[in-house]
Amino acid sequence: MSIPITLEFSGGAELLFDRQKRHDIDLPKQENPWRIQELLPWIRDNILKERPELFMQGNTVRPGILVLVNDTDWELMGELEYNLQPNDRIIFISTLHGG
Amino acid sequence: MEGVEDEVKRLRQIIEDKSKEIDQLKQELLWERGTCLPQAICDLESAPILQKDVKGLTNEEIRRYSRQLLLPELGVKGQQALKSSTVLIVGAGGLCCPSAIYLAAAGIGQLGIIDYDEVEISNLHRQVLHRESKIGVSKSVSAVAACQELNSSVNYVPYHLPLDSSNALQIIQQYDLVLDATDNVATRYLLNDACILAGKPLVSGSALRFEGQLTVYNYMGGPCYRCLYPKPPPPETVTNCSDGGVLGVVPGIIGCLQALEAIKILTGQGSSYSQKMLLFDALDGSFQTIKLRGRQPQCPVCGDNPSITKLIDYEQFCGAKATDKDKVLELLKPEERIPVKEYNTLLKEGTPHVLVDVRQPVELDICQLPYPCLNIPIDHVEKKQSIEKIEGQVRSLSEMRLHEKVPVIVVCRRGNDSQLAARRFQTILKDLNVDVKDIVGGLTAWAN
């Protein structure tokens with residue numbers, strides 16, 4: 001069974017995804033549970049449109065992007081180790097600096 | 001009959017004289033107002049310190065603040081707390097303008113505003129305390145002048161200087177609370193560390209395009225900026241208002257919320273945004289509050305064993321300047337670039353060439369060079385169809401100019417992106433007989 005989840009990009013991160021903020025996706029079925037660790041390269045390879053280095057650095061997101069799992073900082077949810085659940089909402093926010 | 005005509009003539013003369021007199025008086029009034037602007041503080045020795053007044057409210061104050069005194073959450077106690085409070089706003093721009101005017105209106109004791117910059121015409125769409133008549137005036141002075149007109153009983157301190165590692169602690173120590181209304185990453189780290197070292201809550205706002213963010217750091221055991229962002233973002237990922245654009249009302253909304261949180265903290269209501277962040281999306285009309293991590297025990301500045309115990313070099317730490325001013329990139333050699341005068345000659349001589357404009361389409365709507373161009377936005381230069389377009393044009397020109405190099409001229413707004421793009425094109429098109437150059441200073445230089 002595939003896992004339906006929602007991805008959201010904001011704060012300018014959406015510019016790397018053809019300016020589309022919300023993406024409803026189905027993660028293909030796999031033997032082990034999907035973790036954010038696997039989700040990040042999947043996003044990079046499947047929906048990212050340009051400049052992957054502005055999204056990822058090494059195996060994680062680049063500095064300056066906050067990741068939220070259902071409106072909560074991923075740091076409180078296990079970061080890369082978090083096991084994705086059906087209908088999870090994962091948000092990637094690029095920090096703003098202007099004023 | 002003649003007498004009437006003379007009378008009309010005489011009256012007309014009087015009107016003309018009086019009009020001249022009015023103009024003269026207006027001029028004098030303007031001049032007087034100009035010289036009455038608040039005095040900027042340019043060195044810290046001359047900065048006044050608020051003598052905290054713990055006495056009760058005067059009748060005048062009771063009349064003035066009566067509508068907020070009626071709120072049981074505030075009351076006389078809250079108003080007195082505001083009156084004896086000091087707030088420092090760092091940055092006198094789009095976030096500062098609404099926050100400063102509301103804090104002044106609410107009857108804060110002392111309001112310090114710090115900015116190194118002067119008012120420019122391109123500020124006015126969002127920095128709504130500044131006026132056309134204040135262009136060229138120190139931003140902190142201009143913001144204070146506007147607040148003073150609304151409430152003259154506040155003690156204002158306009159600092160016309162850059163906040164840096166040498167003065168930040170000395171200034172911040174004199175205030176109860178700090179508003180981060182800056183526009184760059186380096187100053188945000190500096191302010192965070194200074195507020196941790198001085199033990200002050202930091203109400204942080206930011207805005208870009210149609211989005212705003214708001215958080216309160218270093219308050220009631222919550223996290224600091226470094227807990228959230230231990231590493232600064234790579235400089236190439238940071239967009240400022242002068243590149244990305246911003247709708248004026250967006251920082252307006254975030255700045256109002258900063259003033260609100262400051263008032264709640266100072267009057268003992270507490271903030272709603274410690275360990276939380278507000279995300280405002282103006283296009284969706286949505287306000288979303290997210291839950292953040294707590295203070296990080298391993299944080300280098302607010303953690304249990306901090307390694308940062310004094311202010312560092314923040315421009316070096318972030319690899320970026322502490323301003324949002326236009327940077328000048330020097331990537332290409334002078335011989336790989338073409339000054340606007342030379343390009344103008346090339347146009348006049350009718351030299352066939354391929355012109356590539358690497359700005360966003362919306363910028364081409366604003367202005368363009370007088371020569372047909374290929375629009376390939378900077379983020380599309382690597383794309384296959386972009387390269388094919390250029391190759392196509394180069395091929396059709398080389399048929400006309402056998403054995404001659406085809407000039408490929410790259411242009412952008414200020415001559416930074418055009419260098420990056422030209423360098424890429426030089427590599428990608430190396431098998432074609434081309435000479436890739438960029439225009440020094442871009443459209444800005446052309447317009448001048």
Side-chain angles (χ1 to χ4, degrees), chain A residues 6-24 36 40 44 47-82 88-99, chain B residues 90-91 93-96 126 180-188 204-209 211-213 223 225 227-234 236-246 250-251 254-255 275 277 279 281 283-284 288-294 296 320 324 379-380 382-383:
Chain A
T6 301
L7 302 174
E8 284 183 31
F9 302 95
S10 73
E14 72 280 9
L15 301 179
L16 302 174
F17 297 86
D18 252 355
R19 294 177 180 261
Q20 190 183 331
K21 284 186 176 169
R22 192 187 148 124
H23 301 249
D24 294 307
I36 295 192
L40 295 178
R44 181 193 59 205
I47 54 174
L48 185 87
K49 290 287 188 287
E50 55 190 82
R51 293 179 291 173
E53 71 280 8
L54 299 193
F55 180 62
M56 281 186 78
Q57 246 182 39
N59 67 340
T60 188
V61 289
R62 67 143 170 95
I65 292 184
L66 270 185
V67 184
L68 306 173
V69 177
N70 302 323
D71 290 346
T72 299
D73 191 340
W74 73 333
E75 199 269 345
L76 301 167
M77 311 291 285
E79 298 200 4
L80 292 167
E81 299 296 323
Y82 173 77
D88 270 350
R89 187 164 154 252
I90 312 294
I91 311 180
F92 297 88
I93 303 161
S94 181
T95 327
L96 305 177
H97 306 282
Chain B
V90 182
L95 296 164
C96 164
R126 67 187 188 284
D180 183 345
T182 60
D183 56 13
N184 67 83
V185 189
T187 311
R188 288 184 185 271
S204 174
S206 58
L208 188 70
R209 301 190 185 98
E211 286 181 274
Q213 295 171 355
Y225 192 67
C227 295
L228 255 57
Y229 311 107
K231 281 191 212 159
E236 65 273 19
T237 65
V238 176
T239 310
N240 57 30
C241 292
S242 73
D243 282 337
V246 62
V250 174
I254 299 296
Q275 214 188 318
M277 182 185 281
L279 308 173
D281 185 326
L283 284 178
D284 287 351
Q288 222 188 127
T289 305
I290 59 170
K291 191 174 175 227
L292 297 174
R293 67 197 71 177
Q296 301 289 290
D324 80 335
D379 38 4
H380 291 182
E382 305 273 349
K383 286 195 175 164

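Throughout, a chain's letter reflects where its sequence line sits, starting with A, and its residues are numbered from 1.
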Check your understanding: Do you know which of G93(B), S206(B), G212(B) has the most heavy-atom pairs with chain A at a distance under 4.5 angstrom?
Key -> S206(B)
**Study point:** Winner by heavy-atom pair count (cut-off under 4.5 Å) against chain A, out of K291(B), R293(B), E211(B)
**Key:** R293(B)
Check your understanding: Which one of D281(B), D379(B), L208(B), L95(B) has the most heavy-atom pairs closer than 4.5 Å to chain A?
Key -> D379(B)
Revision key, fill the gap. With I91(A) as partner, the option from V67(A), D71(A), T72(A) fulfilling side chain to side chain contact (heavy atoms under 4.5 Å, CB included) is D71(A)
Review point. Could you walk me through whether I47(A) and L7(A) pass the side chain to side chain contact (heavy atoms under 4.5 Å, CB included) check?
Key: CA-CA 10 Å; I47(A) 54 174; L7(A) 302 174; 3.5 Å; yes
Study note, to complete from the structure: Bottom line for L16(A): the part with an atom under 4.5 Å from chain B's heavy atoms is neither
Check your understanding: Step by step, would you call M56(A) with L48(A) a side chain to side chain contact (heavy atoms under 4.5 Å, CB included)?
Key -> CA-CA 11 Å; M56(A) 281 186 78; L48(A) 185 87; over 6 Å; no
Point to revise | Residue pair Y225(B) / D180(B), side-chain donor-acceptor N/O under 3.5 Å | key: no
Study note, to complete from the structure: Applying a strict 4.5 Å limit to non-hydrogen atoms, the region of S10(A) in contact with chain B is both
Exercise for review: Could you look at L279(B) and say if it's the side chain, the backbone, both or neither that has a heavy atom under 4.5 Å from chain A?
Suggested key: side chain
Exercise for review: Show your reasoning for whether side chain to side chain contact (heavy atoms under 4.5 Å, CB included) applies to Q213(B) and I93(A).
Suggested key: CA-CA 10 Å; Q213(B) 295 171 355; I93(A) 303 161; 3.2 Å; yes
Point to revise | Portion of I65(A) that has a non-hydrogen atom of chain B nearer than 4.5 angstrom | key: neither
Check your understanding: Mind checking whether F92(A) and F9(A) have parallel, tilted or perpendicular rings, split at 30° and 60°?
Key -> parallel
Review point. Just wondering, more than 12 heavy atoms not from K231(B) lying within 6.0 Å of its NZ?
Key: no
Check your understanding: Checking side chain to side chain contact (heavy atoms under 4.5 Å, CB included) for the pair T95(A)/V185(B): CA distance, chi angles, key distance, verdict?
Key -> CA-CA 10 Å; T95(A) 327; V185(B) 189; over 6 Å; no
Exercise for review: Would you mind checking which part of Q57(A) comes under 4.5 Å of any heavy atom in chain B, side chain (CB onward), backbone (N, CA, C, O), both or neither?
Suggested key: side chain
Check your understanding: Considering only heavy atoms, which portion of P230(B) lies under 4.5 Å from any heavy atom of chain A: side chain, backbone, both, or neither?
Key -> neither
Check your understanding: Is it the backbone or the side chain of E382(B) that comes under 4.5 Å from a heavy atom of chain A, or both, or neither?
Key -> neither
Check your understanding: With chain A, which of A181(B), G294(B), G91(B), P233(B) has the greatest number of heavy-atom pairs at distances under 4.5 Å?
Key -> P233(B)
